[in-house]
Amino acid sequence: MLIMSDGLKGMSVIFGVGFLLFLPFAFIFGLGPALIAAVADLALERSGVMSVGRWFATGVIGYLATYLLALNNYFAEHPLPFDYRMGLIGAVAAVACSWLSEWSKNTA
């Protein structure tokens with residue numbers, strides 16, 4: 001969302017209004033990588049991969065799926081610089097969701 005709202009720097013827009021304006025778009029754009037990580041986690045769970053291995057594999061897939069959002073940046077006239085830390089957003093979310101899904105099944 002912060003990458004998308006970067007274009008608002010020159011405008012005098014209150015951050016809360018920009019947040020509410022771009023939040024639905026951030027959700028829609030993040031849905032693709034989240035679904036990829038969720039399907040990978042489900043496939044790993046059904047194939048019998050143990051906890052830590054499944055979390056690691058899902059984190060790697062979440063890391064790579066994050067770059068789907070930045071794919072159109074490579075074809076832009078003035079692309080943004082590539083940063084490897086951006087993939088940590090998807091990796092941390094994927095590992096947390098994989099852990100929480102396993103935790104909820106063990107407690108039920």
Listing request: all salt bridge (Lys or Arg N to Asp or Glu O under 4.0 Å) pairs with a residue in residues 22-32, at least two apart in sequence or in separate chains.
none
From CH2 (Trp55) to SG (Cys97), nearest 0.5 Å:
13.0 Å
Apart from Ile61 itself, its cluster of hydrophobic side chains linked below 4.5 Å comprises Ile36, Leu68
Contact list for residues 61-73, test salt bridge (Lys or Arg N to Asp or Glu O under 4.0 Å), sequence neighbours left out
none
For residues 54-75, which residue pairs pass the salt bridge (Lys or Arg N to Asp or Glu O under 4.0 Å) check, not counting sequence neighbours?
Asp41-Arg54, Arg54-Glu102
List for me each residue that meets side chain to side chain contact (heavy atoms under 4.5 Å, CB included) alongside Val60, sequence neighbours excluded, and say none if there are none.
Phe56, Leu64
Quick one: OG on Ser101 to CG on Leu42, what's the gap to the nearest 0.5 Å?
9.0 Å
Do Leu100 and Val52 belong together in a cluster built from hydrophobic side chains that touch within less than 4.5 Å?
yes
State, with a plain yes or no, whether a side-chain heavy atom of Thr58 is found less than 4.5 Å away from one of Val95.
no
Rounded to the nearest 0.5 Å, what separates atom OG in Ser51 from atom CG in Asn106?
7.0 Å
For the residue pair Gly62 and Ala94, what are the closest heavy atoms and their distance?
CA-CB, 4.0 Å
Go through the structure and list residues passing ring pair (Phe, Tyr, Trp, His ring centres under 6.0 Å) with Tyr67, not counting sequence neighbours.
Tyr63, Phe82
Run the salt bridge (Lys or Arg N to Asp or Glu O under 4.0 Å) test against Arg85 and tell me which residues pass, sequence neighbours left out.
Asp83
Residues in side chain to side chain contact (heavy atoms under 4.5 Å, CB included) with Leu31, at least two apart?
Phe27, Leu35
Pairs where residues 20-32 contributes a residue and the test side-chain hydrogen bond (donor to acceptor under 3.5 Å, both in side chains) is met, not counting sequence neighbours:
none
